A.B. asks: 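Before anything else, here's the structure in question.
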Amino acid sequence: LLGYGGASLSGNGLVLVADTPRDNDKGTWSGSVSIWERANLSSSFGQEPPYKLFDKTGSSWDVFGHGGGFLSPNGSILVVPSPHDDTDRGADSGSILVWERLDPATPV
């Protein structure tokens, strides 16, 4: 279910992120997000391979990405919810993961 919780496009239109909260790569419904980056506005995201992100401590039923990922205007910061992540606050307490690309010239 790619994009089940929505997709987000950076303000500059060059970075696209879509969630797949029912992805099973780290366990049943562990979740993931896919990111596409294009060089310019005249190229298609369909021509670019996606880069897939997971919660490195993810596990079954975390539903990482549910609700979508959120991009900063220039696409250098990505925030992704993991609403059923089990943390030190308890089962299904949830978490938010943040990635930052320090050098925007570095491709995704």
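Keep in mind it's a predicted model, so treat the numbers as computed, not measured.
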A.B. asks: Among side-chain atoms of Thr87 and Asp85, is any donor-acceptor pair under 3.5 angstrom?
C.D. replies: no
A.B. asks: Under 4.5 Å between any side-chain heavy atoms of Val80 and Asp19, yes or no?
C.D. replies: no
A.B. asks: Is Ile96 reachable from Trp99 through a run of I, L, V, M, F, W or Y residues, each pair having side-chain heavy atoms under 4.5 Å apart?
C.D. replies: no
A.B. asks: Sub-3.5 Å donor-acceptor pair from the side chain of Arg101 to the main-chain atoms of Leu78, do we have one?
C.D. replies: no
A.B. asks: Say whether Val63 and Phe54 are linked into one hydrophobic cluster, either directly or through other cluster members, by side-chain heavy-atom distances under 4.5 angstrom.
C.D. replies: no
A.B. asks: When hydrophobic residues are tied together by side-chain contacts of less than 4.5 Å, even through go-betweens, does Trp36 share a cluster with Ile77?
C.D. replies: no
A.B. asks: So does Asp23 get a backbone contact from the side chain of Ser30, meaning a donor-acceptor N/O pair under 3.5 Å?
C.D. replies: yes
A.B. asks: Keeping Ser60 on the side-chain end and Thr28 on the backbone end, is there a donor-acceptor pair under 3.5 Å?
C.D. replies: yes
A.B. asks: With heavy-atom distances below 4.5 Å as the criterion, would you say the side chains of Asp25 and Lys52 are in contact?
C.D. replies: yes
A.B. asks: What orientation do Trp61 and Trp29 show, parallel under 30°, tilted 30 to 60°, or perpendicular over 60°?
C.D. replies: tilted
A.B. asks: Are the side chains of Asp92 and Asp86 in touch, meaning some heavy atoms are under 4.5 Å apart?
C.D. replies: yes
A.B. asks: Closer than 4.0 angstrom, basic N to acidic O: yes or no for Lys26 and Asp62?
C.D. replies: no
